[in-house]
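Heads up, the thing below is written out as structure tokens.
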Protein chains: 2
Amino acid sequence: MHSSAQHLQSVVRRQIVTGSREPGARISEVALAAEFDVSRTPARTALASLEAEGLIEKREGRGYTIRSISKADISNAIAVRAALESLAAKTLAETGMSDEVEATLLSSISTTESILESDTPVQELLDGYHAANVIFHEAIMLKCGNDLIAHTFERIAMLPLAKLGSLVFDTTNPRRERMRLMVGHSQHVILLDALRQRDGARAEAMMREHSHATLNYADLFVRKVYENGTRTTGGGKS
Amino acid sequence: MHSSAQHLQSVVRRQIVTGSREPGARISEVALAAEFDVSRTPARTALASLEAEGLIEKREGRGYTIRSISKADISNAIAVRAALESLAAKTLAETGMSDEVEATLLSSISTTESILESDTPVQELLDGYHAANVIFHEAIMLKCGNDLIAHTFERIAMLPLAKLGSLVFDTTNPRRERMRLMVGHSQHVILLDALRQRDGARAEAMMREHSHATLNYADLFVRKVYENGTRTTGGGKS
DNA sequence: TCGCTCAAAAATGGATACAAAAAGAGGCTG
DNA sequence: CAGCCTCTTTTTGTATCCATTTTTGAGCGA
């Protein structure tokens, strides 16, 4: 089922977000085609798609170059995601969520609650929370009633750290991580309550705060990464 | 300098937004290629780009279909645009605008002010205001310091009525139109003031209100269009 | 030694040919 | 008469070839 072009796109995307491909490096159709032993056609398709995702840039007549992600890019991506997500929360609250969405959110919250209450090791804690977190946020973004939000989000989702799947963790400080996750969990609870009461303003404000926390944390994290080289976990399933 | 693919994309885009192409109709690569007497390669590129813009949808194994734009789609697009634009205003206020941006905004405001004070005919009034309005909003969106906002906006800008160039006017009621434009102008003035004072919260709130007015008006307009068939002006330069 | 020009090589955009897969229509069989 | 199977047509995905444009490098001249 995977066409050659989609396979290329997937592989190169992973190479870019994991840093296998140096930012600023150039990719040409011919080079990519030769590297994967396919013709230029799927290579061209893949590069066009990656450009639409914002991972590479097209230089007129000079091929594509890997975008180098700066601290500002990360902050920008989180800010945009926060704006979209708070709009989604507001919309969903005002239009009312379906029983299905409510069940999904509730299930996610139950999961994170039981995970946080248990005494699991850090890595397992992070993975479990991460999975439930993705479910929670995707349910809101994708089922909020404004399809354009989901559409827009998917277009920019591949930018590192903006993607839901790219939440960053500082495994060197388990206690603090656990606390941070508990705060996030409590915000999920409040969000669900606001959605149930169809309180658009409250849902919007809560989601905004929730995203803002992520931004603050990412900012701190980025500073560490750029200065000390701290590692990340909770990686990039697409 | 326009490549064949870009030309196709531009033409078909116009056909779609002007309604030349029936919503729901199918477009295949071969049909499009034959129609414009080009090969399938640029046709494929153009269709892929149009799909990224959200104007057409890809049905697996069944070609592309023209998306039919509903009232909800228009509201959704305006809501997303409002969220992005208020974020842009906030960002620009907090980071501080360059002298160049300030000059642009001031120039736009001067233009709309002189237009509104003069006694020009309706059509000329609308065209003049429209042009200045586009300059004002684009200056904020594109120069706010968050390039992802501009990038994101460009990806969704083609949805009818969400595009800056697609502001709608009800030419059957000139007095009311003039009043509406004056309100918009006054909001521009306030926005510039907030930006100058680097008051992010005020700039954000004002832009939100400004966009909200557009949404309300568009909602009213859409109702008319769908029920009475009122016409539009101020049309779609791309 | 520096700069200019011209040529060659490479890269992109477009055209076409080929294969595979899927949808539709029509006939065949139970 | 209905359901299924098959053949045809349509459509997509991929490979390759051609042309145009750009870049780079070498050589020559001042």
Side-chain angles (χ1 to χ4, degrees), chain A residues 1-16 20-68 151 154-155 158 238, chain B residues 1-16 20-68 151 154-155 158 238:
Chain A
M1 182 66 178
H2 57 184
S3 70
S4 194
Q6 287 174 324
H7 179 65
L8 249 76
Q9 182 182 350
S10 172
V11 171
V12 175
R13 180 196 299 141
R14 180 169 304 244
Q15 289 178 341
I16 293 175
S20 278
R21 289 198 183 258
E22 208 74 10
R26 289 210 290 266
I27 309 184
S28 70
E29 288 178 16
V30 278
L32 190 64
E35 188 178 334
F36 285 84
D37 199 37
V38 292
S39 80
R40 277 180 53 210
T41 308
R44 180 187 303 192
T45 305
L47 289 175
S49 300
L50 289 169
E51 197 229 352
E53 287 179 9
L55 288 176
I56 60 180
E57 272 179 340
K58 186 172 192 172
R59 314 276 292 185
E60 199 60 38
R62 204 164 180 174
Y64 296 87
T65 59
I66 313 277
R67 270 198 59 186
S68 44
H151 182 264
E154 283 171 2
R155 301 271 155 222
M158 292 312 165
S238 69
Chain B
M1 189 58 184
H2 51 192
S3 71
S4 192
Q6 288 174 323
H7 179 66
L8 247 76
Q9 183 181 351
S10 172
V11 171
V12 175
R13 179 196 299 141
R14 179 169 303 244
Q15 289 178 341
I16 293 175
S20 278
R21 288 198 184 258
E22 208 74 10
R26 292 210 296 264
I27 310 184
S28 71
E29 287 179 15
V30 278
L32 190 63
E35 188 178 333
F36 286 83
D37 198 36
V38 291
S39 79
R40 276 179 53 211
T41 308
R44 168 187 290 249
T45 307
L47 288 174
S49 300
L50 288 169
E51 197 227 353
E53 287 179 7
L55 288 177
I56 59 179
E57 274 178 339
K58 186 171 190 172
R59 312 280 292 186
E60 201 62 36
R62 206 58 210 263
Y64 295 89
T65 57
I66 312 278
R67 268 198 61 187
S68 44
H151 183 263
E154 282 170 1
R155 305 246 163 248
M158 293 313 162
S238 72

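No hydrogens, no waters, no symmetry mates; every other heavy atom, side chains included, goes into these values. Just so we're on the same page: letters track the sequence lines, and every chain starts at 1.
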### Message
Between P on D:dT11 and CZ on B:Arg59, what's the gap in Å once rounded to a whole number?
### Response
15 Å
### Task
Return the 5'-most residue of the pair A:Arg26, B:Arg26 with respect to DNA chain D, ranking by each residue's nearest nucleotide.
B:Arg26
### Task
Compare the minimum distances between each of D:dT12, C:dG14, C:dT12 and the side chain of A:Ser28, then state the nucleotide with the smallest one.
C:dT12
### Query
Short question: side chain of A:Ser49, backbone of A:Thr45 - any donor-acceptor pair under 3.5 Å?
yes
### Message
Looking at every non-hydrogen atom in both residues, tell me the closest pair between A:Arg67 and A:Gly54 and how far apart they are.
### Response
CD-O, 3.2 Å
### Task
In whole angstrom, give the distance that lies between atom CD of B:Gln6 and atom P of C:dT12.
15 Å
### Message
Quick check: closest heavy atoms across B:Ala52 and A:His151, and the distance to 0.1 Å?
### Response
O-CE1, 3.7 Å
### Message
Which heavy atom of B:Ala5 sits nearest to which heavy atom of B:Ala46, and what is that distance?
### Response
O-CB, 3.7 Å
#### Entry: The single option from B:Leu50, B:Val12, B:Leu55, B:Ile56 passing side-chain contact (heavy atoms from CB on, under 4.5 Å) against B:Ile66
B:Ile56
### Task
Would you indicate, yes or no, if C:dA11 has its OP1 or OP2 atom less than 4.0 angstrom from a side-chain nitrogen or oxygen of A:Lys58?
no
### Query
Taking the side chain of A:Glu29 as its heavy atoms from C-beta onward, which of D:dT11, D:dT14, C:dG13 lies nearest to it?
C:dG13
#### Entry: Those residues of residues 33-51 of chain A lying under 4.0 Å from DNA chain D by at least one heavy atom
A:Val38, A:Ser39, A:Arg40, A:Thr41, A:Pro42
### Message
Rounded to whole Å, how long is the line connecting atom CD of A:Glu57 with atom P of C:dT12?
### Response
16 Å
### Message
If you compare all heavy atoms of A:Ser39 against all heavy atoms of A:Ala33, which two are closest, and at what distance to 0.1 Å?
### Response
O-CB, 3.5 Å
### Task
Could you check how far CG of B:Leu32 sits from C1' of D:dT11, rounded to whole Å?
14 Å
